[in-house]
Structures are given as structure tokens and as C-alpha cells.
K.L.:
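Let me give you the structure first, and then I'll get to my questions.
One-based numbering, in listed order, for ligands and for the atoms of each.
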Amino acid sequence: MDKKGRFFSGLVCRECGRKYPPAAIHVCEYDFGPLEVAYDYEKIAKAVSREKLAARPETMWRFRELLPVAGDPTVGEQVGYTPLVKCDRLARALGAKTVYVKNDTVNYPTLSFKDRVVSVALSRAREMGFHVVACASTGNLANSVAANAAAAGLKSYVLIPADLEAGKVLGSLIFGTNVVAITGAYDQVNRLCSEIANKYGWGFVNVNLRPYYAEGSKSMGFEMVEQLGWRFPDNVVVPMASGSLLTKIHKSFNELVKVGLMKEPRAPVKIHGAQASGCSPISTAFKEGKDFYKPVQHPRTIAKSLAIGTPADGYYAIQAVKQTDGGCEDVSDEEIVEGIRLLASTEGIFSETAGGVTVACAKKLVQTGKIGKHESVVLCITGHGLKTQEAVTGKCGQPRTISPKLSEFEKIYEEDFMNK
Ligand SMILES: *Cc1c(COP(=O)(O)O)cnc(C)c1O
Ligand SMILES: [Zn+2]
């Protein structure tokens, strides 16, 4: 802890290691490398223990020493600690032994993992004195910024591609935020946001506040390890948009060892990346054995939340997968729908398109042997299906409508009985 009560000292460039103060900056002036939060792990090791954490409320903030907020969190105090669900029926369908779902479809308050990153970014934004917060989003981030800003009394602007699902658009508008829809792909939205951030000095959670924002993703990794009874899984499958969540889950496992909460595992947790084939710059580069991806100009997939053609953390995601002996897969729109339906019909969990991507990619990773049949795997299911209803509408059958007569119901029941 420094003079200001922080467990983080500032920012550091991932490429050259130059140090920066903990301000609203995100790229190194010398080599344009991304800036990351630098922690004092020795001090954190002295401050945390499994017993101490267990006594805290069940939210992501029980790992607060490893999150870049100087004082108490003031935005999203209730976020996180979503269920880790043991999925035996899904496991049988996938041909794997032990499958868990980290179920962020029920994250508070906007039903996606983005509430984790936003609570950190906005808590930090308040500490730095921002009054207007904003984001470039593929949908879920906009929902979370809008809701959490409303609850914190902050003014917000959310910028999205104009072709998003109705549930994602309404899921921002309802909070009284300023929604700006851009006719273009996410990359164009993102570029515009960089210009606005420079000109207006607002706190863009995934632009100038990105180093703080990104750290929030680690909580998903911390929680799954604690929920497994302080054990690492053998594998984790992570959906990738910018690649940030995947790199931060990797970092979270390493940090648990650094601060003494976990012993070094015999082999690293294999980290696998999942994308949609209609926008798969990271998984395609990985499969071709390349370190650098080729940008996708025109994403074409129902998994809009993952449709980022120029993923900011793509390079680092590939390194994390390589270092841990993981793999990458990508799947078609049909496979995504099948994945959504499989998770729903085996485990009662309705995920958005990104969840379908994760389940379908996990299936391929088991089939190819990348995930061993006797290993354990955690699937990161990151958003709720009610927000992307278009993806499955008309693909799950129709209700059969009858008049309120027992005889009519019996006709239906008989039909079902005959079809068995
Ligand atoms: C944003 C998002 C992701 C992953 O985002 P990264 O940019 O890779 O961190 C995964 N799933 C859903 C549902 C998302 O909204
Ligand atoms: Zn640098």
C-alpha cells in the first residue's frame, strides 16, 4: 500500500517497461505499447489470505487488492461472484469428463461480464474526477456503462454500431444514457471514440481508461479458482472480441500464485480462445501459426458482441494461448445457434450468441483432443440470451395454441405420446 492507500503504483508499458503515473492514459509515448496497471505484489501477499477473502461479501470486490481502485469502490459494489455451475449433462453432450460454466449471464446489473470491467473503470473514473463517461461498444459494454453511470449519477455517452440487436439497444436507452449509433463496423466506432476522447476529455472506459477497465476481467478468473475450492481447472474456454478477457484470465491465474493464494500448478491452465468464423482474426492467426492477425474489414456473424475486426489485445491473446498450450477455434452461425440451444437444453442456461460460440468451440476442442477427455474445463459464458433473441427466434419451434378445453390438450398430449 502506498501513501494513498493503493496496492498499485502506476502504469507500465507492456513492451518497454517504462513507468507512468496512474492517470487516464493507455499507450506508451515511445513505442505505442499498451499500458498496464503495475501492482506491488509483495505488499498484496501480506494483505490477503484465503480466510480473509472468505469473510468478505460475495462480490468481485473481495479481490480488491488486485483491482486498480485506490479507495473503496463507489460504482458496482454488488457486481460479480456469479455461479460456477457443474454441468454433467452438458459434459456428456460434449464428450468431456468435468465441465463447469462460469455463468455471467446473471451478472449484476446488466447480465453480462462487462459489469466487471465497468465497475472498475467507473470507480476509478470517479477517483480521477471525470463527470462524463463513455464507451465504444458492441452492445454489452454500452448496457453496463449506461446502467452503472445512471446509478452513480454520472453523465454518459455510449457509441455503438447501428446494426445491433434490439435488446442491446433498448438495454442502453432504458437507463437514459445518450446512445449514438454509427453507420459502420465496431472499428470505425472505436476510432471515432479516440477522437472524441482527445477532444472532450471524457472518461472512455475502453479507450483512455482501458488499463483500469481491463483489470476488472481478472475477477472472473479469481472467482472460478476460489469456487473450485482453491483449485485451478485444467482448461478454460474464453470468447474473444478484443482478446482482453482472455489475456486477463491468464493474468489472474498468474497473480494468484504471485500473491501466495495458490501454489504454482504442475502445468499451466490451458487457455483456449473462441471466435465466430464470420469474424475470427485471432483464431485464424493462431491456427496459421502467426503472432499477428490480419484485420477483418467486414465482420459477418450473428455473434455481434464478438465482432471486432481489429482486436486491440489480439497479439497478447495469441501469446497467452501459446504459452499455456491452449488452442483456438471458430464456429459458423449454425454452430453458434446449436451451441446456445445445447447449453439451454442441457443446463437451463440461456446465453447470448457469444455463449453459443464458447460452447460450440469447446465441443471442437474436445473433438480434436486439445481438451483431454479426462480433464476439467471451465466455459466462460459471458452474456444473457434475452439480449440477442434475433439469433434464435424461429429456431426453437412454436407454441401450439389451443382453446381452453381439456379435450384439446389431450389431443396434443396424445400426439407427443405417439411421437415418442
Ligand atoms: C465484450 C464481450 C466479450 C469479450 O470481450 P473482449 O474484448 O475480448 O474482452 C465476450 N463476451 C461478451 C458477451 C462480450 O460482451
Ligand atoms: Zn513502451
Side-chain angles (χ1 to χ4, degrees), residues 11-20 25-36 38 102-105 107 110-118 121 135-145 160 164-165 167-168 171-172 186-187 190 205-206 210 213-221 237-251 271 273-276 279-283 301-318 320-321 328 336 340 351-359 361 379-388 391:
L11 302 176
V12 60
C13 173
R14 254 197 103 144
E15 289 305 319
C16 69
R18 269 195 181 79
K19 294 201 169 96
Y20 290 85
I25 45 175
H26 66 116
V27 279
C28 176
E29 289 168 17
Y30 296 89
D31 53 17
F32 302 104
L35 302 185
E36 264 206 315
K102 180 60 173 158
N103 187 6
D104 266 23
T105 69
N107 205 4
T110 64
L111 308 180
S112 89
F113 102 91
K114 290 297 197 303
D115 292 320
R116 298 175 182 277
V117 285
V118 169
C135 67
S137 172
T138 57
N140 284 315
L141 182 59
N143 295 172
S144 186
V145 166
I160 53 173
L164 289 192
E165 302 93 340
K168 296 256 170 93
S172 291
Y186 173 83
D187 286 328
N190 196 49
V205 300
N206 56 342
R210 191 172 178 86
Y213 154 97
E215 290 291 292
S217 289
K218 294 187 307 189
S219 62
M220 210 166 171
V237 183
V238 188
M240 301 185 290
S242 73
S244 176
L245 174 61
L246 184 142
T247 63
K248 293 298 175 174
I249 285 181
H250 183 220
K251 184 177 181 187
I271 306 199
Q275 292 204 294
C279 185
S280 60
I282 307 176
S283 70
T301 169
I302 56 169
K304 294 175 195 263
S305 58
L306 303 181
I308 296 185
T310 309
D313 293 296
Y315 170 80
Y316 299 107
I318 291 170
V321 171
C328 284
I336 294 169
I340 295 172
S351 82
E352 72 147 73
T353 46
V357 170
T358 303
V359 170
C361 286
L379 309 183
C380 293
I381 302 299
T382 46
H384 202 285
L386 286 174
K387 296 208 238 179
T388 62

K.L.:
Quick check for you: to the nearest 0.5 Å, what is the distance between Arg116 atom CZ and Thr382 atom OG1?
P.N.:
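Separation between the atoms: 10.5 Å.
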K.L.:
How long is the gap from SG on Cys28 to CZ on Arg18, to the nearest 0.5 Å?
P.N.:
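Answer for the SG-CZ pair, Cys28 versus Arg18, is 6.0 Å.
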K.L.:
Given side chains that start at C-beta, do those of Cys380 and Ile249 come closer than 4.5 Å, heavy atoms only?
P.N.:
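Yes - at least one pair of side-chain heavy atoms lies under 4.5 Å apart.
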K.L.:
I need the Lys248 NZ to Tyr316 OH distance, nearest 0.5 Å.
P.N.:
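With rounding to 0.5 Å, NZ (Lys248) is 10.5 Å from OH (Tyr316).
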K.L.:
Might you list the protein residues in contact with ligand 1, defined as having a heavy atom under 4.0 Å from one of its atoms, sorted by chain and number?
P.N.:
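Close residues (ligand 1, cut-off 4.0 Å): Phe113, Lys114, Asn140, Pro239, Met240, Ala241, Ser242, Gly243, Ser244, Leu245, Ser305, Leu306, Glu352, Ala354, Thr382.
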K.L.:
Identify the heavy atoms of Val205 and Val145 that sit nearest to each other, and give their distance.
P.N.:
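Result for this residue pair: CG2-CG2, 3.9 Å.
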K.L.:
Please examine the side chains of Lys251 and Glu215, heavy atoms only from C-beta on, and report whether any two atoms are closer than 4.5 Å.
P.N.:
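The answer is yes, as the side chains (C-beta and beyond) meet within the 4.5 Å cut-off.
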K.L.:
For the residue pair Met240 and Ser283, what are the closest heavy atoms and their distance?
P.N.:
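The answer is CE-N, 4.3 Å.
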K.L.:
One thing to verify: whether Lys304 and Glu352 come together as a salt bridge, which I'm taking to mean a side-chain N less than 4.0 angstrom from a carboxylate O.
P.N.:
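Result for this pair is no, no salt bridge flagged.
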K.L.:
Decide yes or no for Ile336 and Thr301: does some side-chain heavy atom of the first lie under 4.5 Å from some side-chain heavy atom of the second?
P.N.:
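Yes, side chains in contact.
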K.L.:
Can you check the number of protein N/O/S atoms within less than 2.8 Å of the Zn ion (ligand 2)?
P.N.:
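Excluding waters, the total comes to 5.
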